Structure formats: C-alpha cells, structure tokens
Amino acid sequence: MEYDFKSIEQKWQSWWAENKTFQAKEDPSRKKFYVLDMFPYPSGAGLHVGHPLGYIASDIFSRYKRLQGYNVLHPMGYDSFGLPAEQYAIQTGQHPEVTTTRNIARYRSQLDRIGFSYDWDREVRTCDPAYYKWTQWAFLEMFDSWYDPDADKARPIRELVARLETTGYGDVTPERWNAASEKEKSDLLMRWRIAYQGETAVNWCPQLGTVLANDEVKDGLSVRGGYPVEQKKMTQWQLRVSAYAERLLAGLDKLDWTDSLKEMQRNWIGKSEGTELEFLCGEQQLPVTVFTTRVDTIYGVTFMVLAPESALVDALTVPAQRAAVDEYLTYVKKKTERERIAETKTVTGVFTGSYGTNPVTGEKIPIWISEYVLAGYGTGAIMAVPAHDSRDYAFAKKFNLPIVPIIEGCDVSEESFDAKEGKMCNSGFLNGLEVKVAIETAKDYVEAKGLGRRKTNYRLRDAIFSRQRYWGEPFPVYYKDGIPTALPLEKLPLTLPEISEFKPAENGEPPLARAKDWTYEGWPLEKSTMPGFAGSSAYYLRYMDPHNDNALVSREADEYWRSVDLYIGGTEHATGHLIYSRFWNKFLFDRGYVCEDEPFRKLINQGMIQGRSSFVYRVVGTNTFVSAGLKDGYQTTEIHVDISLVRNDRLDLAGFKAWRPEFADADFILEDGEYICGWAVEKMSKSMYNVVNPDDICDTYGADTLRLYEMFLGPLEQSKPWDTKGIDGVHRFLKRFWRFFYDGDTCLVSDGEPTREELKALHKLIGKEQEDIEAFSFNTTVSAFMIAANELGALKCNKRAILEPMVILLSPFAPHICEELWHRLGHETSVADASFPEYVESYTVEDSCTYAVSFNGKTRFTVDLPKSLDKDGVEAAVRPLDQTAKYVGDQTIVKVIVVPGKIVNIVLK
RNA sequence: GCGCGGGUGGCGAAAUGGUAGACGCGCUAGUUUCAGGAGCUAGUGGGGUAAAACCUGUGUGAGUUCGACUCUCAUCCCGCGCACCA
C-alpha cells in the first residue's frame with residue numbers, strides 16, 4: 001500500500017479526539033511545560049497558509065517536550081470580541097455573535113486538519129460570558145486597588161481610605177477627606193485607583209465612533225481600518241499602566257525574549273531621567289515647571305516654549321498678543337493628528353508676550369507657544385537650548401531667537417550640537433567640565449539650591465479602557481447618584497444585552513444606550529465596553545483552569561502550571577498585548593491571585609509568510625499575452641493572475657482561458673512552448689490572487705507535508721514568501737520514508753542487528769534534532785531528516801531497531817504518518833506517548849579523517865605530533881578518540897585541521 | 001535622528017574562526033513505466049578544461065589571525081521598531 005495521507009490523517013485525527021490523547025491534567029509528580037500560541041481573532045477570511053506557521057512550531061515543540069517526558073499544556077482558543085465583527089454587523093445587521101460563532105467553526109475545522117495536539121477541552125473564547133466574567137472581575141479588582149509607591153505594588157483601596165481618614169495621603173488631609181461628600185470622595189479616589197475614570201486627551205476615531213489606545217493608532221490612522229484619528233479631551237475609563245512602568249522595564253531583563261522585542265518595549269516605556277526646574281513667569285511670577293534631561297545646558301537657555309494645550313497658555317498671554325495666540329491655537333486645533341505628523345518639519349509658533357526668569361542665571365527669556373512641545377509628555381513646557389537641541393535650533397532660526405553655545409569649540413552656525421560630549425563654557429560654575437560630569441554637577445546644584453529636583457519620566461501612558469462599542473465586555477459598573485460604583489461580584493458576569501442595531505445611538509451615545517433597561521437597581525449602567533486587549537490580557541491563566549466558576553484560576557492549577565514556558569506569536573503585539581498582559585499579570589501578582597510576576601518566560605516571534613503573486617503581461621491594446629522572458633520587446637500591462645493557475649511559474653493556458661470570460665480567446669507568445677509568469681512578493685490578499693489556503697495543501701499533499709514544508713521554508717523568526725513549488729521535496733521525503741517500511745503491500749521491516757553505519761546515521765539525527773529543536777531551528781531539523789533518509793537509503797536499511805526510533809523522531813513534525821507507522825509496528829498507544837530516543841555520542845564520532853575536525857569544545861580526536869613543530873607541514877598520526885585535547889610538548893593544541901590523509905593546519909596557544 | 005536585525009548560487013537556505021554553498025527546489029543528462037504522474041542514477045557558484053589541473057568567489061574597503069561568511073573598524077544597501085519625548 002502506498003502512502004495514503006488522506007485516510008491516514010483523517011483516521012488519526014479522529015482517534016486522537018476520541019482517546020483524548022492530548023488532554024492535559026495537573027500532575028504534581030510530573031514536570032510541567034506550558035506551550036502557548038497567541039490565540040487568533042477569528043476573521044471572516046479564514047486561515048491562510050501563513051497563520052499556522054507559529055502554531056506548527058509550537059506544536060512541534062509541545063510534542064517534542066512530551067516525548068521528553070514533560071506534562072505539556074498546549075491549549076487554544078479565540079480572541080473573539082472586537083471591531084471587525086462589529087463593523088460587519090453594522091453593515092449587514094447580522095449579530096456579531098452569529099458571525100463570530102460561524103468564523104470560529106471555520107477556524108476550528110481548518111486547524112483540525114493540520115493535526116495539532118491541542119487540549120480542546122480547555123478552549124476559551126473571550127466573548128463567552130463564562131470567560132468574560134473573569135475579565136470583568138479583574139477590572140473590578142483594579143477598580144478596588146491603588147498603587148502604593150512605598151510598597152511598590154498594588155494594594156486594596158480600603159487601605160488607602162483608612163490612611164486618608166487618619167493621616168491623610170498626598171495633598172489630601174484627613175480633614176478634607178472626612179468633610180468630603182460621597183461624590184468628592186469618589187473623585188479623589190480616582191486619582192489613585194488602578195482602574196479609574198479620568199479626563200485626558202484621547203485618540204478619537206470618528207469613522208469607528210470610538211476612542212483607541214496608543215498602540216491601536218499608527219501614523220495618525222487606526223490600525224483596524226486605517227481611519228483618521230484625532231485628539232480629543234474625553235472622560236474615559238483608564239488603567240494605570242504607568243504606575244508599573246519601572247517594573248515593566250526592569251522585568252524585561254529576566255525574560256528570554258529577543259533583544260529587538262525587548263528594545264521595542266523599552267522604547268515604548270520610554271524611560272528618561274532628568275530634572276524638573278521652576279521658572280517664574282509673566283507679570284504674576286507664575287511658577288512654570290519644565291522637564292529637561294540636559295540641566296547642564298541651563299546657561300544656553302534663550303527662550304521657553306509651552307504646548308498649545310498647556311493650561312498656562314491663557315495666563316501667560318499678554319493682551320497685545322491675545323489675538324495672535326488665539327489664531328495660532330485655532331490653527332493647531334484644526335489639524336488632525338495625521339497632518340501634524342506629516343508636517344513635523346514645518347516650524348510653527350507664536351510669542352505669548354510674557355517672559356520667564358532662568359532660575360540659575362536670573363536672565364529674562366521670552367515665552368513662546370509651539371506645537372512641537374507635547375502636552376502629554378513631561379510638563380508640557382520646556383526650556384529651549386537652541387545651540388544643543390535640533391528642534392529648539394530650528395525654532396530659534398525661524399523666529400530669530402538667540403543661539404548661545406555652551407560647549408567649547410562647537411560650531412552652531414549651521415546646525416545644533418546635540419552630542420553629549422565636549423567641555424562646558426559660558427556656563428558659570430560648570431565651565432571646564434566634561435558634559436557628562438556637568439549633567440550630574442548641575443543636577444546636584446539645582447537640588448541643593450532648591451531650584452528643582454531629579455525626575456524620571458516615562459513615555460508609557462495609562463491605557464484608555466473604554467470603547468464606545470457594542471461587541472466587547474460590558475463594564476460591571478453603574479452610576480449611583482452619578483458616582484461610578486462597582487457591581488457586586490456575585491452579579492458577574494454582566495452579560496451583553498440584546499440590541500436591535502449596532503450603530504451608536506441617535507444622541508451619540510454608545511450602542512448600549514439602545515438596550516432596554518440597561519440599569520442596575522434602577523441606576524444606569526456604564527454604556528461603553530472594554531477594548532479588545534481586555535480579554536486577551538489573562539487568557540493564558542484561564543487555560544490553566546478553564547471551567548472554574550469560583551476563580552479565574554485555582555491556586556493549585558496556578559501553582560502547578562505557573563507561567564507560560566514558551567509563547568509563540570507575531571511581533572505586532574510587542575507594544576499592545578505583550579505590555580498589557582505583563583501589566584495585568586503583575587497586578588494579579590500584587591494582589592496575590594497568581595504566583596509568578598511575569599507571564600511569558602520565553603517568547604519567540606515567528607516571521608510573516610508573504611504571498612508570492614504571479615503576473616501575466618498583456619500586450620497593450622490586444623488580448624495577447626507575452627511570456628515574462630520576452631516582455632521587454634513589447635509594451636505590456638502587468639496583470640495579477642490567480643496562483644492556482646500557475647505551477648513552477650508556468651501558466652496553465654487552458655485554465656487561464658477558462659478563468660475569466662475576457663481571457664477566453666487570449667493568444668500567447670510563448671518561450672520554448674511555455675508561458676512563464678512574472679512574480680513578486682506581496683502581502684497575501686484576495687485582491688492579488690495570491691492567497692494559499694492550508695485546506696488546499698492538505699488536500700493535495702496532506703497535513704504532514706504542510707507541517708514539514710512550513711518549517712523547511714526557512715528560519716522560524718524570519719519573514720519569507722510562501723512558494724508552493726518547493727513543497728514536492730518534503731512530500732517526496734515522506735513518500736520515501738514510507739517506502740522504508742512498505743513496498744506496495746509488503747512490509748519491509750526486519751529485525752536484524754543494526755550496523756555501526758546505520759547507528760551512526762540514526763544518532764547523528766537524534767543529536768541534531770535535540771540541538772536544533774531547543775534552538776528553534778526547525779528548518780535544519782527537517783534537513784537532518786532528509787540527510788538521514790539519504791544515508792539509510794544508501795545503506796538499504798529496513799531494520800526495526802533503526803526505523804522505530806526514526807518514527808518517534810519524526811512524529812512531532814509529521815504526526816499522522818508516524819502514528820500510522822507506529823501502530824503498524826505493533827504499538828497500541830500513541831506515538832506521542834513514546835520516549836525520545838537516547839542519544840549516544842560515540843556513534844557519531846568520526847572514525848576516519850574524512851572531515852575537518854577541531855579540538856576546541858567538542859573533541860573528536862587526539863593527535864600524536866612530533867615535539868618540534870613546523871608550520872609548513874607536519875607529518876603526524878591522527879587517531880580517533882573521544883577524549884579531550886592533549887598537550888604537545890608544553891603547548892596546548894587549540895585546533896588541528898585535518899583533511900583526508902594529512903594535517904593542514906595546527907594552531908598552538 | 002536613535003535603536004535592533006540582515007546582505008552567501010537561478011531560488012529557499014546551511015556552515016563551534018578551519019574542505020563555503022549541507023538539505024530542498026529548479027535545471028541538465030541518463031534510466032524505468034502503456035500512459036498521466038511518479039521513481040531511480042549522475043551532474044549543477046563563476047571562469048577555465050575533452051576531462052582534470054588551475055584561477056576566482058559569502059555587499060564594499062581595511063584590520064586581527066597560520067587561517068575570516070563568522071571577530072573588530074569603516075562604508076553602502078535592505079527590513080523592522082521608536083520618534084518634534086525636551
């Protein structure tokens with residue numbers, strides 16, 4: 001019987017499901033390993049061949065760990081709340097739940113065909129009330145907590161209330177607190193709660209009708225849909241992520257993530273250490289605080305700049321400048337975020353008419369307003385040092401403000417000197433100091449004189465947590481006398497009400513305003529819902545204990561599974577999900593609900609798989625198509641052609657004619673009797689006719705081939721184009737592998753003793769597979785299988801003692817064929833429960849000098865050498881021996897290069 | 001501007017400082033099969049040769065080294081991230 005992947009794959013997929021082969025159970029007697037994929041958002045388009053790349057890698061790793069004896073948790077679920085389903089609902093009137101359920105079913109059937117070892121009993125869906133009960137619970141816990149900077153962790157809000165009542169906290173005295181009304185108390189507590197309501201500038205997207213978080217906006221456009229976003233002041237629910245900035249930053253050091261991803265998070269958190277200084281400004285001598293990282297340049301300050309949104313603008317504008325300032329503010333306000341970004345090179349600004357006093361020099365300097373100063377960062381006001389800051393420089397040049405260099409010998413006639421190097425001059429007590437020293441000296445000076453203080457700023461903002469949307473978790477909050485009040489825990493989950501239409505209500509309120517009786521005990525419930533990242537922030541915890549109705553995760557389950565050992569997913573979540581999850585987890589850790597403060601110990605980012613589009617070239621004005629190699633002789637238009645009509649860049653002419661009516665009578669100019677298509681690497685999308693569906697690959701080649709091929713394509717972390725033409729290679733390998741066992745219906749497997757050569761081939765593979773899988777180098781592992789097959793094929797080896805371990809080795813990559821062969825070899829239990837073959841190094845040691853070998857690290861040989869060594873050629877006997885490097889005379893051999901028969905080179909130390 | 005990755009055959013790619021291009025695709029030749037497809041054998045960086053020999057070759061230039069795709073410096077290009085962040 002030939003390798004019949006179709007029946008094999010179906011058979012074992014059902015068998016695994018029936019036998020619950022991959023069900024994970026807590027078992028304290030066994031070592032655990034938790035392998036997690038970033039769960040997908042089930043979109044209407046279904047999976048293309050790029051989506052499963054990471055899933056295949058994690059599945060291989062899971063199965064590998066299981067063979068190594070670990071108790072593996074490998075779950076899957078769906079991130080099923082979110083904008084696209086709701087946009088679709090608005091357009092079609094279909095309930096998002098309906099489309100979401102349908103999309104999930106499609107995803108599931110696509111995933112099932114690939115033969116993943118998921119424990120589907122642990123599936124979670126973020127839109128399931130039994131799941132989002134715990135999202136709402138976590139929100140209430142955050143609402144019920146404050147960040148205690150002394151303990152450096154979140155604590156119950158009642159502890160803060162107790163302090164406010166007795167000793168006061170911050171600028172709130174006990175007298176003020178105790179005299180405050182309920183409403184005032186609520187407002188005050190919002191200043192400290194982890195989940196709080198507050199007014200800030202938000203990213204408002206009119207087309208989507210909702211606010212968005214910073215990571216949901218890119219280049220002034222919404223990430224979902226690409227609609228323009230504008231800044232707007234609104235009162236919103238927010239999460240105090242900024243309180244965790246330092247811990248989120250410090251925690252990175254302990255994580256086994258790639259440097260680039262850590263760097264992205266560091267950039268996003270944006271720590272900057274500097275100084276805050278007070279300048280007395282205007283007639284009223286208003287103290288204005290500025291933030292700077294370069295106090296050393298204080299003698300070079302020639303003006304100040306306020307952000308247009310700064311609260312001080314009004315007070316510092318003198319009557320004579322009022323009209324000009326108003327005009328400028330109107331101009332700024334009119335601009336969308338996108339225009340602002342596009343025009344960053346244009347320098348704009350206006351003079352307030354006021355002057356401030358440099359606290360160190362006493363000098364009077366003009367105060368300007370400009371949009372290059374951001375209200376949201378630092379204090380929204382800066383001291384400008386045009387000589388040593390390029391933005392200040394551009395501004396000074398434009399408005400003819402003085403530029404005073406304060407570093408010896410620098411030339412500021414053409415551009416500013418931003419580097420932190422050189423010796424200070426024109427700077428009073430700082431003169432002669434190196435810049436780096438001067439920064440510290442100036443900081444000390446300013447603090448000692450009481451002019452300012454050291455201050456650390458972060459770019460990381462609190463997360464805006466409300467969305468004016470329907471398809472998300474409702475906030476478990478109602479407004480009692482206008483005071484935001486937590487719903488009692490026993491009322492959770494607060495389920496989404498049915499509504500008839502998904503558009504915002506006529507009065508501009510969120511869609512939930514359309515719900516009948518959206519109240520609790522007669523009080524109105526919150527009408528916005530939570531954002532997409534809410535449900536994905538703790539899903540990895542829920543997998544540990546998905547059916548628990550009393551807790552997000554039980555203590556036992558949490559203490560057993562602890563945290564994710566390996567997390568695989570795309571890099572697009574670097575500054576969104578991966579920040580929020582870490583924040584969320586740290587919060588739960590602070591409050592004692594989980595035992596690890598970091599959720600994902602190791603993280604791998606799989607690359608994207610791009611499409612490979614094919615083109616035909618139509619000669620302009622005709623219905624004649626010219627082959628790619630000849631197109632230069634004609635004037636042509638490039639037309640995307642469906643890649644299913646193309647094989648190895650050769651066009652299926654009949655298929656092409658049948659594809660579209662207008663091509664039915666197409667003519668072709670061929671080269672060597674064939675039409676060669678052009679190609680390009682582009683994103684996979686329907687409009688480019690380059691989408692490859694994994695189902696189709698499973699139909700023609702089988703899931704095992706798909707799995708092997710996706711791994712073989714190249715390094716996991718690298719982005720690469722999908723090119724179906726290489727797939728035959730791995731498919732051939734599987735067919736060859738099958739033929740080691742069967743020739744037609746004849747079983748070839750014999751019981752003989754393996755030879756040393758055969759054992760060598762096997763153990764080379766075992767060693768390579770262990771090494772490569774641990775290093776996530778799956779493409780070279782697949783190569784190693786092929787090499788082993790070549791070697792064993794040349795040896796005509798059909799011995800059980802070799803083939804049986806081969807089946808185990810291959811099973812993480814190609815589980816179906818291996819399961820089939822495993823059972824045919826007489827086993828009754830799954831190959832997934834076998835043990836990984838033990839590696840014996842001595843089998844792989846070379847016993848002839850066929851290859852170059854070295855003595856450094858892995859020792860393969862010792863060499864008998866004469867005591868006197870001649871660089872140009874040494875006669876020596878080389879003996880195979882797996883021992884460590886020996887001495888030659890009193891010198892250590894560091895390396896010896898050997899080619900057949902002679903020593904090429906010797907290195908001594 | 002700052003930061004992080006990368007540049008190796010026609011293509012995807014391998015190479016602890018030690019025979020560069022493993023493995024696969026594609027291509028070429030041979031062979032097998034009624035055929036479709038597939039299988040098997042050999043070859044395949046470039047130049048050179050009847051075949052060898054030989055010369056050359058990992059973006060570019062320098063350096064360290066007996067020896068560099070690999071390490072260091074400079075430079076050019078590509079990808080990604082962050083960015084009027086003071």
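Naming: A, B, ... by sequence-line order, numbering from 1 per chain. If you're wondering where the values come from, they're calculated on a predicted model, not measured in any experiment.
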Checking all strands, does [X] fall into the base, sugar-phosphate, or nothing category for heavy-atom contacts under 4.0 angstrom?
| X | result |
| --- | --- |
| A:Ser260 | sugar-phosphate |
| A:Ile382 | base |
| A:Lys262 | nothing |

For the pair made of [atom1] in [X] and [atom2] in [N], what is the distance, rounded to whole Å?
| X | N | atom1 | atom2 | value |
| --- | --- | --- | --- | --- |
| A:Ile269 | B:G81 | CD1 | P | 18 Å |
| A:Trp722 | B:G24 | CH2 | C1' | 14 Å |
| A:Lys271 | B:C2 | NZ | P | 23 Å |
| A:Met264 | B:C82 | CE | C1' | 9 Å |
| A:Glu717 | B:A13 | CD | P | 14 Å |
| A:Leu765 | B:C23 | CG | P | 15 Å |
| A:Phe399 | B:C84 | CZ | P | 19 Å |
| A:Phe712 | B:G12 | CZ | P | 13 Å |

Residue [X], side-chain heavy atoms: nucleotide from [options] that is nearest:
| X | options | value |
| --- | --- | --- |
| A:Lys720 | B:A86, B:A15, B:A13 | B:A13 |
| A:Asn779 | B:A14, B:A86, B:G26 | B:A14 |
| A:Trp268 | B:A38, B:A86, B:A83 | B:A83 |
| A:Glu371 | B:G39, B:C84, B:A15 | B:C84 |
| A:Thr780 | B:A14, B:A86, B:G39 | B:A14 |
| A:Glu263 | B:A86, B:C82, B:G3 | B:G3 |
| A:Ser272 | B:A86, B:C4, B:A15 | B:A86 |
| A:Pro715 | B:C84, B:G5, B:A14 | B:A14 |

Can you check the distance between [N] and [M], where both ends of the measurement are the [atom1] atom (answer in whole Å)?
| N | M | atom1 | value |
| --- | --- | --- | --- |
| B:U72 | B:C4 | P | 13 Å |
| B:C69 | B:A22 | C1' | 15 Å |
| B:G10 | B:G26 | C1' | 8 Å |
| B:C11 | B:U44 | C1' | 14 Å |
| B:U64 | B:C76 | P | 23 Å |
| B:U19 | B:G24 | C1' | 22 Å |
| B:U58 | B:A42 | C1' | 28 Å |
| B:C25 | B:G45 | P | 16 Å |

task = Run the numbers on A:Tyr458 and A:Trp268 for ring-ring contact (aromatic ring centres under 6.0 Å, His included), then give the verdict.
result = CA-CA 9 Å; A:Tyr458 298 90; A:Trp268 191 258; over 10 Å; no

key: A:Ile403/A:Lys397 under side-chain contact (heavy atoms from CB on, under 4.5 Å): CA gap, chis, key distance, verdict   = CA-CA 8 Å; A:Ile403 299 168; A:Lys397 278 281 178 192; 4.2 Å; yes

Between [X] and [N], does any side-chain N or O lie under 4.0 Å from OP1 or OP2?
| X | N | value |
| --- | --- | --- |
| A:Arg732 | B:G24 | no |
| A:Arg459 | B:A83 | yes |
| A:Arg739 | B:C40 | yes |
| A:Tyr372 | B:A86 | no |
| A:Gln718 | B:C80 | no |
| A:Arg736 | B:G39 | no |
| A:Asn790 | B:G24 | yes |

For [N], the Watson-Crick or wobble partner whose two distances fall under 3.5 Å:
| N | result |
| --- | --- |
| B:A22 | none |
| B:G9 | none |
| B:C69 | none |
| B:A51 | none |
| B:C80 | B:G3 |
| B:U31 | B:G39 |

request  = Give the intermediate values and the outcome of salt bridge (charged side-chain N to carboxylate O under 4.0 Å, His left out) for residues A:Arg266 and A:Asp253.
outcome  = CA-CA 11 Å; A:Arg266 285 192 193 105; A:Asp253 295 338; 3.5 Å; yes

Pair A:Tyr701-A:Asp728, side-chain donor/acceptor within less than 3.5 Å = yes

Stepwise side-chain contact (heavy atoms from CB on, under 4.5 Å) test for A:Phe303 and A:Val301 = CA-CA 6 Å; A:Phe303 57 101; A:Val301 177; over 6 Å; no

query = A:Ser783 or A:Lys768: which one's nearest nucleotide on RNA chain B is closer to the 5' end?
reply =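 Taking each residue's closest nucleotide, the earlier one in sequence belongs to A:Lys768.
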
query = Which sits closer to the 5' end of RNA chain B, A:Ser777 or A:Asn267, going by the nucleotide each is nearest to?
reply =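 Result of the comparison: A:Ser777.
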
query = Which is it for A:Met806 and A:Leu765 under the side-chain contact (heavy atoms from CB on, under 4.5 Å) test, yes or no, and what are the steps along the way?
reply = CA-CA 9 Å; A:Met806 288 281 288; A:Leu765 176 62; 3.4 Å; yes

Are [X] and [Y] close enough for a salt bridge, meaning some N to O gap below 4.0 Å?
| X | Y | result |
| --- | --- | --- |
| A:Glu791 | A:Lys760 | no |
| A:Arg453 | A:Glu278 | yes |
| A:Glu440 | A:Arg454 | yes |

query = In terms of base orientation, is B:G24 syn or anti, with the syn window spanning 90° either side of 0?
reply =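 Judged by the O4'-C1' to base torsion, B:G24 sits in anti, the angle falling more than 90° away from 0.
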
